Participant: 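Below are the structure tokens for one structure; questions will follow.
First the proteins, then the strands, lettered A, B, ... as listed; each starts at 1. The model shown is predicted, which means the values in this text are computed figures rather than measured ones. Any value given below was found using the heavy atoms of this structure, including those in side chains, with hydrogens, waters and symmetry copies removed.
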Number of protein chains: 2
Amino acid sequence: MRTDAQRNYAQLLAVAAEVFAEHGTEASLRDVARRAEVGIGTLYRHFPTRDALLQALLASRFDALAEAADGDDLRTWLHRVAFGSAAYRGLPASVLGALRDETSELHASCEAMRTAGAGLLAASQQAGQVRGDVTIADLLIAATSVGWSAEQAGTEGAERQFTLLMDGLRVNIG
Amino acid sequence: MRTDAQRNYAQLLAVAAEVFAEHGTEASLRDVARRAEVGIGTLYRHFPTRDALLQALLASRFDALAEAADGDDLRTWLHRVAFGSAAYRGLPASVLGALRDETSELHASCEAMRTAGAGLLAASQQAGQVRGDVTIADLLIAATSVGWSAEQAGTEGAERQFTLLMDGLRVNIG
DNA sequence: ACCTGAACACCGTTCAAGT
DNA sequence: ACCTGAACACCGTTCAAGT
């Protein structure tokens, strides 16, 4: 990659993170290009779709979560997933989307994170702390849901929802 | 209201329900006006904002939920709230928004539905079936969250999340 | 190789002109 | 009273022209 292209790529990514934080994942891409001081065509050359841009931003997030699993307990890790996914308005939907889309370029990062979480879950289940019929998919849906609530209803409500979720995982039914 | 105005109002509402069902709550309002065979200015005259249109659609929904509480048990009613709010993409956010916005013209309908739900909750708590520290606000956040999951991850995952939620309500901790 | 911006087809919203 | 659509300022996306 040419050095100017490299600069533009990095700049676009940094600016996109800012703009999405301000206006959500539906923010104007033209605005991103403007603030990055780059022609709109350059944005499209590097990121052919809005999803491509979002995925580039999500990748590092997933990697960080995969790493964090080594050291967190299940509750701490799920909390990270939930409230981390609420970084931009609309992000929880993208996170869940990436988890479900197997054709995504992100799928490797997704899988790493998912298996890391599955490890924490299995340990908690073996220790008898979490009901046995819950899957990692269940937990990721529940956690991103809490992220959505944080966006919509504020942190307090979402924290209560998270606590309710964690308490609920302890029942032994299934 | 003039009879042509009345016709237009009703037509716009009916078409909006269709278009939102197809394309979500962010669907093109111009498209709504076109399909309703009405000038775009007429749409804006009847519904000055997209939210006004959404609110008109939500009102009957809330009223129906308030009525349904008389006859449902808590689980059935919450299921209705959760999956009913997933009727259009983006609707769970509007439902939660309407519940939180006290200045909304919808607030009367909201309150009616909320108190109806609160009655079901209180009964379940007195019967010892639901933990005592859960509030109706908690349940409405949780239920609309499930609606969001249904949009994002499909019905199966959302149903599992709903079951997990209902099971979790039975723990006696608080 | 890469960058640029004009061009196209849309959109939300307003408001003068009509009946 | 109400309806209409042109007008404005935006947007996403593509692609010929430039370096």
Participant: Separation of Asn8(A) atom CG from dT4(C) atom C1', in whole Å?
Facilitator: 11 Å
Participant: With distance as the sole test, does Glu151(A) use its side chain to make a donor-acceptor pair with the main-chain N or O of Gly90(A) at under 3.5 Å?
Facilitator: yes
Participant: Could you go through the side-chain contact (heavy atoms from CB on, under 4.5 Å) check for Leu164(B) and Leu165(A) one step at a time?
Facilitator: CA-CA 8 Å; Leu164(B) 202 60; Leu165(A) 169 65; 4.3 Å; yes
Participant: Could you give the CE-to-C1' distance, from Met1(A) to dA1(C), as a whole number of Å?
Facilitator: 12 Å
Participant: With a 3.5 angstrom cut-off on both distances, give the Watson-Crick or G-U wobble partner of dC10(D), or none if there isn't one.
Facilitator: none
Participant: Grab the NE2-C1' distance between His46(A) and dA1(C) for me, whole Å please.
Facilitator: 10 Å
Participant: For the pair Asp138(B) and Thr135(B), evaluate side chain to side chain donor-acceptor pair (under 3.5 Å) and give the outcome as yes or no after the intermediate values.
Facilitator: CA-CA 5 Å; Asp138(B) 290 336; Thr135(B) 67; 3.2 Å; yes
Participant: Round to a whole Å and report the spacing from CG of Leu43(A) to P of dG5(C).
Facilitator: 14 Å
Participant: Could you tell me whether Asp4(A) and Arg2(A) have a side-chain N and a carboxylate O separated by less than 4.0 Å?
Facilitator: yes
Participant: N/O contacts under 3.5 Å, protein versus nucleotides 12-16 of chain D?
Facilitator:
unit_1  : atom_1 : unit_2   : atom_2 : d
dG12(D) : OP1    : Leu29(A) : N      : 3.0
dG12(D) : OP2    : Leu29(A) : N      : 3.3
dG12(D) : OP2    : Arg30(A) : N      : 3.2
dG12(D) : N7     : Arg30(A) : NH1    : 2.4
dG12(D) : O6     : Arg30(A) : NH1    : 2.8
dT13(D) : OP2    : Tyr44(A) : OH     : 2.7
dT13(D) : O5'    : Tyr44(A) : OH     : 3.4
dT13(D) : O4     : Arg30(A) : NH1    : 3.3

Participant: When the distance from CD of Gln11(A) to C1' of dT4(C) is rounded to whole Å, what number comes out?
Facilitator: 17 Å
Participant: Distance check needed: dT4(D) C1' versus Leu12(B) CG, whole Å only.
Facilitator: 13 Å
Participant: Does dC2(D) have OP1 or OP2 sitting under 4.0 Å from an N or O in the side chain of Arg45(B)?
Facilitator: yes
Participant: Tell me whether Gln125(A) contacts the main-chain N or O of Gly132(A) through its side chain, where contact means a donor paired with an acceptor under 3.5 Å.
Facilitator: yes
Participant: Side chain of Thr42(B) only, heavy atoms from C-beta on: which candidate in dC3(D), dC3(C), dC11(C) is closest?
Facilitator: dC3(D)
Participant: For a side-chain contact (heavy atoms from CB on, under 4.5 Å) check, start with the C-alpha distance between Val38(A) and Gln11(A), then their side-chain angles and the critical distance, and finish with the verdict.
Facilitator: CA-CA 9 Å; Val38(A) 144; Gln11(A) 183 68 7; 5.6 Å; no
Participant: Quick one: does any side-chain atom of Arg50(B) pair with a main-chain N or O of Glu26(B) as donor and acceptor, under 3.5 Å?
Facilitator: yes
Participant: How many whole angstroms separate atom NE2 of His23(B) from atom P of dC11(C)?
Facilitator: 10 Å
Participant: Checking all strands, does Arg7(B) fall into the base, sugar-phosphate, or nothing category for heavy-atom contacts under 4.0 angstrom?
Facilitator: nothing
Participant: If I take atom CG in residue Asp4(B) and atom P in nucleotide dA1(D), what distance separates them, rounded to the nearest angstrom?
Facilitator: 13 Å
Participant: Across all strands shown, which nucleotide pairs with dG5(C) by Watson-Crick or G-U wobble geometry, both distances under 3.5 Å?
Facilitator: dC15(D)
